[in-house]
Number of protein chains: 2
Amino acid sequence: MTARRPTVYDVAERAKVSIATVSFAFTRPDQISATTRERVLGIAREIGYMPSASARGLARGKTGALGLHSFDLLIERPQTREPVDPVGEAGGAAPDPGASFVPWDDAGDEFLADPRAFPLYVDEVQRGFELECRANGRPIMLSSGSGTTTSVAESAGRVDGLAIFPGPSAATTLAQVSLKMPIVLFSTPPGEDGHHRVLADNAGGMRELVTHLVTDHGITSLGFVGALRVADYRERFEAFRETLTDLGVAAPDEPLDDSLLGEDLGYTAVIEALRAGTLPRALVCASDQLALPLLDLFAAEGVRVPDDVVVTGFDGIFAGRLSTPSLTTVRQPMEAMGRTAARLLMDSSRSPSAEPAVVRLGTKLVVRASCGCAA
Amino acid sequence: MTARRPTVYDVAERAKVSIATVSFAFTRPDQISATTRERVLGIAREIGYMPSASARGLARGKTGALGLHSFDLLIERPQTREPVDPVGEAGGAAPDPGASFVPWDDAGDEFLADPRAFPLYVDEVQRGFELECRANGRPIMLSSGSGTTTSVAESAGRVDGLAIFPGPSAATTLAQVSLKMPIVLFSTPPGEDGHHRVLADNAGGMRELVTHLVTDHGITSLGFVGALRVADYRERFEAFRETLTDLGVAAPDEPLDDSLLGEDLGYTAVIEALRAGTLPRALVCASDQLALPLLDLFAAEGVRVPDDVVVTGFDGIFAGRLSTPSLTTVRQPMEAMGRTAARLLMDSSRSPSAEPAVVRLGTKLVVRASCGCAA
DNA sequence: TTGTACGCGTTATCAC
DNA sequence: GTGATAACGCGTACAA
């Protein structure tokens with residue numbers, strides 16, 4: 001079954017033409033006579049020939065694909081169990097002869113797909129990227145990897161342009177690799193590296209949010225939750241402070257709690273403040289993913305949100321609609337960000353001259369229950 | 001900036017070694033002396049060299065990547081507006097010099113990310129595929145395309161194995177292309193084409209659902225909504241009939257309504273029955289995506305669900321949790337299906353001898369409000 | 001341990 | 001309109 005894949009030579013031989021003709025039949029249909037074209041195409045289909053993208057990419061100098069690389073900021077939840085083994089015994093009522101049957105496993109489908117785990121910030125951006133590429137017939141190369149230079153490089157070798165979700169280790173790694181192709185960095189402040197940027201208007205969004213809390217709710221005691229190591233969070237914190245100052249409200253010099261996603265989500269500082277009775281009236285979290293577990297924590301501790309303390313997020317992921325109370329947040333236009341990145345890549349691989357672009361996308365305040373607005 | 005991408009020759013020249021040594025430095029680090037290796041690696045990093053995946057794939061005969069191809073069954077919603085143009089004027093409060101600012105646009109972010117549009121069946125399967133590939137350090141090639149043979153072929157040339165979401169046109173197209181690599185077909189009944197299969201236990205799930213409706217709710221009048229052109233739907237309908245027959249309930253010979261996703265979602269037959277007052281007590285939909293708009297329709301018509309008519313779905317997508325009433329359905333283990341496909345591909349590219357596998361994965365009945373169970 | 005030379009499957013540039 | 005043939009960049013026997 002898995003014979004060698006047919007090549008142009010195979011087709012050429014059986015069609016009694018040269019390999020050039022075979023190639024033309026596919027790429028320049030009007031340069032050869034209709035009859036030979038039909039014959040060649042027929043043979044090709046018959047023997048299951050399809051051009052090798054590797055060879056084509058090598059010859060043409062470009063692959064046609066766009067890449068999306070994640071410096072592991074999306075934390076793979078520990079797999080508690082062995083992945084499904086398809087070669088297992090045929091249990092259950094397997095109707096297909098020779099089929100293996102894998103029984104339902106609650107653990108394998110966390111809580112019937114936990115919205116806290118799946119459609120996250122990156123997933124929605126990725127989707128936008130995919131949609132735009134799809135609309136333009138561009139294949140997408142998805143890759144991920146941590147610190148090592150090679151992981152980026154490896155995927156970079158397969159594509160004509162690369163969009164990157166930066167992680168903590170991204171900065172140093174990217175600095176080493178001076179990638180010779182168009183690059184878009186998501187959620188990274190402008191810099192001198194010549195790469196494009198696509199990011200949300202963190203400052204504007206945070207300003208709207210804080211203004212809402214202060215002006216509409218009359219809150220004058222606010223704390224920030226989030227680590228400043230993340231560039232987006234840093235921008236949000238800065239805007240948090242500036243807005244408070246502008247509104248004449250005391251602004252903290254630093255975050256109340258710098259719990260970081262995936263590392264320690266202990267909220268130790270929050271808990272400490274809770275015990276000490278020094279919790280601010282509102283906790284402004286740097287992201288939804290930081291805010292949602294905090295809601296759990298407060299629920300477990302008997303602290304009522306928003307009555308005892310107001311909690312807000314940032315990003316606008318799905319899970320924020322389902323939490324109790326639902327989460328007041330700032331929505332990033334994630335799909336648009338993904339689309340923008342893809343277009344940037346396609347444009348600049350067409351005209352490599354262009355200056356590196358920095359695109360900020362506007363955000364939107366989404367008022368829900370956790371600030372005390374909705375029921 | 002975008003000079004030619006450096007090659008092994010560039011590195012070799014500057015490092016005063018041969019290209020073989022450069023290659024070894026990357027692929028067989030222990031075959032060469034530490035000093036030369038360091039020197040080579042240093043130069044490589046310095047000039048921004050990265051191996052070309054095209055050339056490597058060509059030389060090695062395999063690319064290392066796995067593919068996921070969608071025959072456009074995921075319907076791209078028509079883009080009502082022009083995609084975001086990053087080169088737009090710098091409006092708003094753009095803090096970055098030279099940056100473009102794209103204001104928030106409600107239309108560009110449908111209803112703050114509509115769960116009806118995004119995490120669908122295919123998205124969750126894709127996610128499983130991604131997770132498994134990521135865990136094994138395998139890049140993923142995402143592609144999509146309709147009828148034409150070339151679209152599958154094109155992506156097929158880039159990967160060592162291909163998982164496929166079949167669409168209406170898939171069968172004929174795939175028959176023409178006898179792809180010479182491991183292939184996994186999702187949600188496709190077993191066949192003689194030598195491809196692997198990964199699908200849900202449609203029959204078991206439907207049996208559970210129908211039994212619940214008949215036994216627990218005492219319903220004896222049921223109709224099926226869904227077109228039999230879709231293989232999954234066909235299996236579900238068959239099980240629907242068989243279960244009813246087994247339970248001694250009259251089973252319809254054919255679906256009440258064969259609205260098909262993306263084509264006409266008119267539910268003409270349902271509406272007709274509604275007008276005529278001949279609506280069955282329960283409408284069993286072939287999928288959630290078929291059931292949810294039906295809920296809308298009934299709401300608009302003043303028909304109460306589940307009081308006047310019971311509606312159920314199949315798949316267990318997110319949106320079914322958010323609808324009013326929430327949707328009783330059968331959950332497919334989509335992440336597990338994606339993971340299984342990836343493993344199948346990796347295993348069979350290692351040992352091409354293996355028989356084509358058929359893996360059925362168990363489903364789970366999810367009882368919610370639309371059948372009258374939950375409040 | 002390192003260098004030489006060939007092959008991988010296409011595309012593209014020439015001749016014919 | 002069609003056929004030789006030279007790149008394309010890398011892996012790898014084989015030789016040194």
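First the proteins, then the strands, lettered A, B, ... as listed; each starts at 1.
- In this structure, A:Y9 places its OH atom 7 Å from C1' of C:dG9, rounding to the nearest Å.
- Within the 4.5 Å cutoff, the side chain of A:S54 has heavy atoms near those of the B:T63 side chain.
- The interatomic distance linking B:R56 (CZ) with C:dG7 (C1') rounds to 17 Å, in whole Å.
- If you check every strand for non-hydrogen atoms under 4.0 Å, B:T36 touches sugar and phosphate atoms only.
- Rounded to whole angstrom, the span from the CG atom of A:L58 across to the P atom of C:dT11 amounts to 11 Å.
- Relative to the side chain of A:F24, the nucleotides C:dT10, D:dG11, D:dG3 differ in distance, and D:dG3 lies closest.
- Between B:Y49 and D:dC10, a side-chain N or O to OP1/OP2 separation shorter than 4.0 Å is present.
- Within 4.0 Å (heavy atoms only), B:R28 reaches sugar-phosphate atoms of the nucleic acid but no base atom.
- Closest to the side chain of B:T27, from the set D:dC10, D:dG11, D:dC8, is D:dG11.
- Ring-plane geometry between B:F165 and B:Y121 is classed as perpendicular, the angle between the planes exceeding 60 degrees on a 0 to 90 degree scale with a lower cut at 30.
- In this model, the phosphate group of C:dC8 is not approached by any side-chain N or O of A:T7 to a distance below 4.0 Å at OP1 or OP2.
- For DNA chain D, the neighbouring residues in residues 14-23 of chain A, judged by any heavy atom under 4.0 Å, are A:K16, A:V17, A:S18, A:I19, A:A20, A:T21.
- To the nearest angstrom, C1' of C:dA12 lies 11 Å from CZ of A:R60.
- Following rounding to the nearest Å, A:I32 (CD1) and D:dG1 (C1') show an atom-to-atom distance of 9 Å.
- Under a 3.5 Å cut-off, the side chain of A:D160 and the backbone N or O of A:K62 do not form any donor-acceptor pair.
- Using a 4.0 Å heavy-atom criterion, one finds that B:S54 contacts no nucleic acid atom at all.
- Following rounding to the nearest Å, A:Q31 (CD) and C:dC14 (P) show an atom-to-atom distance of 15 Å.
- Between the CE atom of A:M50 and the C1' atom of C:dG9 there is a distance of 14 Å, given to the nearest Å.
- Sorted by first and then second residue, the side chain to side chain donor-acceptor pair (under 3.5 Å) pairs involving residues 23-32 of chain B (not counting sequence neighbours) form an empty list.
- A donor-acceptor pair is defined here as one N or O able to donate and one able to accept, closer than 3.5 Å; no such pair exists between the side chain of B:N136 and the backbone of B:C133.
- As a whole-Å value, the separation of B:K62 NZ from D:dT12 P is 12 Å.
- Separation of the B:F129 and B:F186 ring centroids does not fall under the 6.0 Å cut-off.
- Taking the side chain as every heavy atom from C-beta outward, B:E130 and A:Q126 approach each other to under 4.5 Å.
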